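Reviewing the structure listed below.
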Amino acid sequence: MSNSQTKRHGDVQKERSMALQKELVGGHFDALGRAKEEGRKVVYTFVPGNLTELMRSFDLLPVLPEINALQSGMRKLSAGYISEAEKHGHSEDVCTYVKCDIGMLKKGNIGPTGKPIPAPDLLLLSYTGCFTFMKWFELLKQEYEGCPVAMLHVPYQADGQVHSHYRDYIVEQLRSEVIPKLEQVSGQAYDEDKLRSNLTLSAQAEDDLVWVLESAKNVPSPIDAYFGGVYYIGPIFGAFRGTQEGVDYYRTLRSEIEERLANKQGPITPDGELDEERYRLVIEGPPNWTSFREFWKMFYEEGAVVVASSYTKVGGLYDRGFRHDATRPLETLADYCLGCYTNLSLPARVDLLEDYVRDYSADGFMINSVKSCNSFSAGQLLMLRQLEERTGVPGGFIESDLVDPRYFSAANIKNRIESYLQMLEQKRGAAA
Amino acid sequence: MTPDLAQLVERVTHLYEDLHFQSVHDWKSEEPGRHAIGYMPIYVPRELVHAAGMLPVGILGGGDRLEIIRGDAYFQSYICHIPRSTIELALTQRLEALDGMLFPSICDVIRNLSGMWQMLFPERYVRYIDLPQNFDPAVGGTFWRQELDTLREDLGRIGGREIADLELRQSVVKYNENRRVLRQLYEARSERPWFFPTSEVYLVLRAGTVLPVEEHTKIVRRYLELAPLQDDRRDQDMSRVVLVGMFCEQPPLGLLITLERAGCWIVDDDLLLGLRWMSGDIPEDGDPLQNLAIAYLEQSAQTASVYQPEGRRGAWLVDSVQRNVAEGVIFCAPSFCDPALLEQPMLVAALEREGIPHTQFKYSENTGQFAVIREQAGTFSDSIRLWSEA
């Protein structure tokens with residue numbers, strides 16, 4: 001197949017939002033590096049179901065082990081960390097995020113800035129959408145003896161609905177389990193006004209994020225909503241939801257995308273701007289991090305643009321209308337946790353993806369099935385069939401892993417992607 | 001083996017081998033309007049199903065007796081075996097006797113299987129049983145009570161009548177009785193394992209997943225009477241071990257036989273843990289649904305899928321080793337079983353703090369080759385005996 005052209009602007013085209021994000025993330029890790037000497041307390045927690053606004057209202061600094069793991073993957077460090085964890089008896093069969101994190105810890109817990117990440121003062125175990133989270137923090141609890149754990153059990157939306165007693169259950173846990181432990185660790189009393197103020201900022205950033213993601217409904221799309229999308233969700237899924245910096249980032253990002261849209265520009269890739277959108281795809285599942293750029297290149301070389309993805313909803317599903325609501329602070333946190341993508345039933349996930357295929361005028365959809373994550377992966381083959389039946393659009397299926405490079409077979413994956421896109425091309429030709 | 005024990009063993013073996021669930025069909029045909037509700041491991045409140053006049057039926061995959069033809073097309077190679085054989089059972093009409101399925105919150109695979117069931121069999125009742133991970137009666141207890149209320153209403157609707165408190169109390173009595181005899185069986189095996197080989201105990205236990213509870217209790221009682229009468233069963237120079245990791249996908253029977261032949265007396269295990277989930281009796285008077293809810297919070301078995309707010313993981317395993325005078329632990333988990341395999345390093349650490357020997361291997365429900373396992377278990381057993389004598 002002939003490769004699509006990208007316009008090069010230097011080695012990697014940088015926009016203001018990219019620099020801003022780099023500053024935000026760098027600043028956060030610097031703050032973590034100084035936390036102990038400055039007497040600041042650190043809370044480890046997870047992306048789906050994170051309670052950043054609440055933690056920030058106690059002036060606590062969040063650490064997200066999943067983000068550390070994926071960054072280790074991108075920096076080619078995860079293989080060594082996983083190997084270290086396996087040497088300590090962790091099974092080859094289980095989640096590689098967990099093993100990467102444990103291995104990193106065993107090797108000094110050095111963060112992306114080269115400085116050690118401080119030990120947790122609290123493990124905030126938000127049990128949202130993934131059973132493995134519970135085991136992960138039980139394992140960390142063994143490593144950090146004496147560190148308290150606050151468990152937040154979020155019921156699963158098995159029948160596609162949020163029942164009122166689910167919300168009540170979460171709010172009660174926040175009141176009786178989570179907030180008292182945050183108060184204890186921080187030495188500060190719960191301040192609901194402060195929380196409300198943070199939630200107001202969250203909603204502003206969420207509005208802009210949704211606008212950015214939905215800009216992909218345009219043809220051509222000004223963004224790649226998967227490979228580019230993982231950068232766009234970084235601040236809001238990480239430590240910056242409910243902060244002014246987060247609001248500023250999303251305002252900047254939105255203005256850039258507005259400009260791209262006005263100029264009918266395609267997405268920016270690591271090799272520059274994509275000037276020809278040949279295929280519009282929806283992708284289900286997380287990306288591979290160890291060969292992220294190589295993986296992305298397999299798509300943009302062929303002119304394939306991802307216009308919607310489920311992974312960018314894993315830390316919050318905002319494009320179905322949910323916004324953090326400062327008028328009901330604890331209830332809104334409960335609704336947020338309940339609505340994260342992997343907390344949805346399989347039928348609800350299929351419904352969402354079906355809508356994406358139609359709403360974003362996709363030519364096809366693809367599942368990247370990762371070995372590590374049964375929460376995503378179990379049932380994906382049935383999802384593929386259901387989506388094909390419902391939309392009439394052909395699906396593709398590839399397999400890789402999150403951060404274990406042993407499960408990224410570049411030649412096989414490239415071959416599958418190319419074959420899939422060829423099939424889309426033939427289908428298009430036949431239709432014409 | 002005496003003829004009456006042989007007859008009992010033959011019956012439970014037949015029930016184990018019957019992948020068409022004929023006994024469930026038979027039970028339903030005895031009286032018009034009867035319903036059967038399937039459930040996956042580990043724990044569901046079977047008392048509620050029973051109180052609705054229905055038969056709870058444990059669905060534990062296809063073991064090593066089911067050829068997987070269609071089920072593999074639904075799961076990637078890195079997902080455990082039980083969901084694919086369970087799908088195979090359903091797609092080959094072997095689960096036609098079931099009027100509904102319950103999927104408890106064990107792991108992400110079983111959770112997602114509940115969604116697959118909704119899509120594949122939209123005409124059937126499906127419920128995900130979201131067990132609480134908060135053990136405060138005012139918080140987790142309230143949530144769980146509401147979940148139980150919903151299940152009670154659903155079952156009442158399927159059965160065409162409301163479940164009365166009195167019926168539920170009577171069901172609690174029956175299941176308390178059943179759990180008591182199972183505790184007796186486990187104690188008897190621990191005291192004299194040569195009379196109660198696990199490969200046989202397992203079949204007796206497993207019958208409880210398909211038979212009405214009253215009938216199962218009688219079978220266990222009868223087995224407790226008959227097994228010690230076998231003159232050919234004598235103590236042998238074998239090691240006493242606890243077996244861990246088999247709470248969901250079940251091992252093939254051949255694996256249990258292999259372990260015994262390799263010189264291991266299994267004196268405790270987590271096989272079919274849901275049948276023995278409560279550590280004591282559930283109160284038989286008062287508000288029966290509230291009693292069920294609180295019992296879950298206060299009397300649940302400790303296993304990988306249950307959060308423990310305080311304390312070290314594995315204390316229960318050390319306790320089991322000590323209580324059963326075991327000499328070692330065999331970790332025997334299904335391949336790709338997230339709960340068991342993520343839990344294992346914590347259990348290993350707990351054992352190592354106490355100096356308790358252990359070994360580990362994995363299986364799949366359809367594992368057919370046991371030579372390596374036999375060699376490993378035999379070596380483990382030998383080493384324990386050598387250390388004990390030193």
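Treat the numbers as computed from the prediction; the structure is a model and nothing was measured. Order of the sequence lines fixes the chain letters, A, B, ..., with proteins taken first and strands second; residue numbering starts at 1 for each chain.
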Atom group of P339(B) that falls short of 4.5 Å from chain A, counting heavy atoms: both
Inter-chain contacts: residues 94-103 of chain A against chain B, heavy atoms under 4.5 Å: V94(A), V98(A)
Interchain contact, Q76(B) with chain A, by part (heavy-atom threshold 4.5 Å): both
Region of I106(B) that comes under 4.5 Å of a non-hydrogen atom in chain A: backbone
Stepwise salt bridge (Lys or Arg N to Asp or Glu O under 4.0 Å) test for E343(B) and K135(A): CA-CA 7 Å; E343(B) 177 86 346; K135(A) 308 311 296 177; 2.5 Å; yes
Heavy-atom proximity to chain B below 4.5 Å, by part of S377(A): both
Given L353(A), I283(A), L381(A), L384(A), the one that forms side chain to side chain contact (heavy atoms under 4.5 Å, CB included) with I367(A): L384(A)
Contact residues of residues 163-173 of chain A (partner chain B; heavy-atom separation under 4.5 angstrom): H165(A), Y166(A), Y169(A), E172(A), Q173(A)
Partner set under side-chain contact (heavy atoms from CB on, under 4.5 Å) for L95(B), not counting sequence neighbours: F21(B), I59(B), L89(B), A90(B), L98(B), W117(B)
Stepwise salt bridge (Lys or Arg N to Asp or Glu O under 4.0 Å) check, E388(A) with R385(A): CA-CA 5 Å; E388(A) 284 186 331; R385(A) 290 180 200 189; over 6 Å; no
Ring-face cation contact, F131(A) with R111(B), 6.0 Å cut, 45° max: no
Pair E138(A) + R313(B), salt bridge at N-O below 4.0 Å: yes
Cation-pi geometry met for K371(A) and Y78(B) (6.0 Å, 45°): no
Residues D404(A), S372(A); criterion side-chain hydrogen bond (donor to acceptor under 3.5 Å, both in side chains); working and verdict: CA-CA 9 Å; D404(A) 191 337; S372(A) 274; over 6 Å; no
Salt-bridge criterion met for E177(A) and K181(A) (N-O under 4.0 Å): yes
Counterpart residues, side-chain contact (heavy atoms from CB on, under 4.5 Å), relative to T150(B) (two or more places apart): R127(B), D154(B)
